[in-house]
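Just below is one structure, and these are the notes that go with it.
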Amino acid sequence: MDFSKHASSFGAAADLYDRIRPRYPLEALRWALGEAPRRIVDLGAGTGILTRQLRELGHDVIAVEPDDEMRRQIDGDARAGSATAIPVEAESLDAVTAGQAYHWFAGEPAHTEIARVLKPGGWFIPIWNVRDESVAWVAELSDVFDGHRARTAIDERTLTPDQFGPLFGTAELQLFRWSTPHTVDSLVDLIKSRSYYLVSDADARAALEARVRELAGRIQGDQEHFELPYVTYAYRSSKL
Ligand SMILES: C[S@@+](CC[C@H](N)C(=O)[O-])C[C@H]1O[C@@H](n2cnc3c(N)ncnc32)[C@H](O)[C@@H]1O
């Protein structure tokens with residue numbers, strides 16, 4: 001796959017992205033950050049889904065996002081930047097969070113740049129909402145959503161404790177199980193916010209949409225909605 005084309009594809013669907021992508025479980029954010037207010041950069045902030053939740057919990061959050069269309073959706077302090085150029089002073093942060101984003105910049109030189117902006121002992125916190133593929137129909141859905149993707153670069157479910165390099169301590173991982181209601185139409189909207197759909201041509205998009213409609217229709221049956229189960233993977237690693 002053309003990695004950079006995928007990484008920069010989201011802006012074209014920024015409104016939809018903000019409306020349809022899942023929020024993060026608050027207990028995962030509390031586990032990662034504790035209760036005291038922290039000074040945080042939310043890296044790869046997108047439209048600010050995680051940024052908003054962190055602010056609602058009382059944290060002081062600078063959103064950093066490379067895509068202009070995505071960043072435009074964020075209220076408050078939102079800066080152009082990326083994982084290799086974070087526009088804040090050295091050793092000025094208690095934490096750097098990355099919601100659904102670390103896989104786009106995993107490795108060097110991002111690890112060194114994230115360590116630069118953290119205070120000693122500050123946390124790097126990558127977090128992902130992963131559909132719970134232990135449920136059979138969800139595994140089937142993932143074949144449609146992610147069937148194109150060779151999970152070679154990074155799999156958020158199997159990161160190693162030393163994943164973040166020599167400047168960081170051993171990573172801790174906590175899982176949080178939850179679910180969110182969907183309908184056929186909202187599940188179609190979900191695929192329309194994904195990079196694979198966004199970089200596809202019209203025929204491929206129509207085929208993806210048809211497969212999601214068929215599967216979601218089968219799961220919904222005559223109910224008004226159905227639950228899409230997630231497991232949130234929250235990692236936390238402190239700067240040495
Ligand atoms: C799937 S979105 C996640 C957005 C948001 N954090 C959320 O939780 O909804 C991934 C974001 O990472 C951004 N991104 C891609 N490459 C990046 C990089 N090298 N550094 C920082 N952000 C990057 C994309 O522009 C996109 O907004």
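When a ligand or atom number is given, it counts from 1 through the structure's own listing order. Keep in mind the model is a prediction, meaning the values are calculated, not measured. Just so it is clear, the values below take in all heavy atoms, side chains as well, and ignore hydrogens, waters and symmetry mates.
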I want to know whether Trp137 and Phe226 have ring centres closer than 6.0 Å. yes

Are Phe124 and Tyr102 near enough that their ring centres are under 6.0 Å apart? yes

Between ligand 1 and the protein, give all atom pairs where both partners are nitrogen or oxygen and the distance is under 3.5 Å, as lines of names plus distance to 0.1 Å.
from	atom 1	to	atom 2	distance (Å)
ligand 1	6 (N)	Gly44	O	2.8
ligand 1	6 (N)	Gly99	O	2.8
ligand 1	8 (O)	Tyr24	OH	2.5
ligand 1	8 (O)	Gly99	O	3.3
ligand 1	9 (O)	Tyr17	OH	3.1
ligand 1	20 (N)	Ala83	N	3.0
ligand 1	25 (O)	Glu65	OE2	2.7
ligand 1	27 (O)	Glu65	OE1	2.8
ligand 1	27 (O)	Glu65	OE2	3.1

With a 6.0 Å cut-off on ring centres, are Tyr230 and Trp178 close enough? yes

Taking every heavy atom of Ile154 against every heavy atom of Ala106, the minimum-distance pair comes out as CD1-CB, 4.0 Å

Do the side chains of Arg218 and Glu140 get close enough for a salt bridge, i.e. N-O under 4.0 angstrom? yes

The single option from Lys119, Arg39, Lys239, Arg38 passing salt bridge (charged side-chain N to carboxylate O under 4.0 Å, His left out) against Asp94: Lys119

